[in-house]
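Read the structure below first, then the notes.
Counting starts at 1 for both ligands and their atoms, following the listed order.
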Amino acid sequence: MRFAKKDILDIESLEPHEISMILDTAQGMKEISERPVKKVPTLRGKTIVLFFQEPSTRTKLSFDTAAKRLSADSLSLSKSSSSIVKGETLIDTAKNLEAMKPDIIVLRHPSSGAPHLIAKRVNASVINAGDGIHAHPSQALLDMMSVRERKGKIEGLKVSIIGDIAHSRVARSDITGFLKMGAAVSICAPGTMIPKGIERSGCTVSPTMETCIDGADVIMMLRIQKERQGSILFPTEREYATLFGLNKARLKLANKEVIVMHPGPMNRGVEISSEVADADNSIILEQVTNGVALRMALFYLLAGGGRHADAH
Ligand code: CP
């Protein structure tokens with residue numbers, strides 16, 4: 001089956017069958033990273049530009065690793081090393097990148113909607129690697145892949161997402177994705193960190209962390225995004241940890257087979273205790289491993305590989 005999308009900009013624009021196709025393709029890609037020689041020629045001759053205007057460890061390195069494992073040429077540009085600092089606009093920058101004939105542009109940007117803006121102006125495929133508080137689709141896809149791999153399904157699970165929902169692009173994309181794939185999503189945060197009207201998406205807003213976690217199959221903890229908060233939204237980190245931190249005692253309220261997730265970076269001792277982060281049921285590092293395979297799948301599908309099911 002052919003993958004029909006030009007860009008990956010958000011989860012809203014993906015149909016459930018497209019999400020399943022991406023997850024299936026990623027699962028197939030995973031084995032390549034286990035080989036002694038972790039490289040296949042599938043995207044030889046393709047050019048991928050990684051343009052990150054915000055800091056990143058996992059997303060940038062996993063997109064770069066994914067490109068290299070598929071033999072594509074990957075080129076990196078950061079805000080500080082680009083002519084954006086000399087006043088060039090994002091659209092002019094994108095048009096100049098386009099003039100060099102890349103096949104895919106991966107963009108992380110502090111402004112919501114920036115990847116959508118450039119996707120309309122360039123022929124290259126655009127992947128949103130996180131835009132403001134709006135969306136982080138590749139993170140949500142790797143999260144869904146990780147849950148499906150561990151639980152064998154997504155439909156019917158209770159997924160609890162706890163933390164700074166208001167400023168989290170991961171939360172928005174995960175809520176949309178897990179609901180689309182048939183999970184029940186429960187969220188919890190201080191009132192100042194719950195977006196107005198979020199329940200209209202179909203998720204449940206839990207009044208306490210205990211009710212949110214009760215019977216959960218999956219718990220996803222989120223970092224407080226201080227860099228996106230205009231004012232102080234909670235009294236102290238200690239109080240936040242007491243009311244909204246995941247510790248061993250609270251974890252007992254979840255299902256026995258619960259898995260614990262975090263998109264990273266973690267603030268240990270604030271939203272999650274070290275003993276929970278490092279426990280056997282934590283799949284935080286599996287998420288990172290799956291991130292490479294998932295991003296290989298996105299490159300493969302967008303660069304035309306979806307037309308050749310046997311290409312890898
Ligand atoms: N999960 C995530 O986006 O991490 P980075 O900011 O390190 O890329």
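- We find that Arg169 and Glu54 are joined by a salt bridge, their nearest charged nitrogen and carboxylate oxygen being less than 4.0 Å apart.
- For ligand 1, the atoms sitting less than 4.0 Å from at least one non-hydrogen atom of Thr59 are 2 (C), 3 (O), 4 (O), 5 (P), 8 (O), numbered in the order shown with element in parentheses.
- At under 3.5 Å, a nitrogen or oxygen of Pro263, whether backbone or side chain, sits near a nitrogen or oxygen of ligand 1.
- Annotation: Lys158, atom NZ; neighbour count of heavy atoms from other residues, nucleotides and ligands within 6.0 Å is above 12.
- The single protein non-hydrogen atom nearest to atom 6 (O) of ligand 1 is Arg108 NH1, 2.9 Å, given as residue, atom name and distance.
- The pair Glu15-Lys180 fails the salt-bridge criterion, with no side-chain N (NZ, NE, NH1 or NH2) lying under 4.0 Å from an Asp/Glu carboxylate O.
- Look at Asp64 and Lys68 and you find a salt bridge, because one of the NZ, NE, NH1 or NH2 atoms lies within 4.0 Å of a carboxylate O, short of that distance.
- Defined by atom type and a distance below 3.5 Å, a donor-acceptor pair is present between the side-chain atoms of His136 and Arg108.
- For Glu54, no heavy-atom contact with ligand 1 is shorter than 4.0 Å.
- Neither the backbone nor the side chain of His262 comes within contact range of ligand 1; no heavy atom lies under 4.0 Å.
- Every atom of ligand 1 with a heavy atom of Gly264 under 4.0 Å away is listed here by number and element: 1 (N), 2 (C), 4 (O).
- Shortest contact from atom 4 (O) of ligand 1 to any protein heavy atom: Arg58 NE, 3.1 Å.
- Ring pair Phe299/Phe63: centre-to-centre distance below 6.0 Å.
- Set against the non-hydrogen atoms of Thr57, the atoms of ligand 1 under 4.0 Å away are 5 (P), 7 (O), 8 (O).
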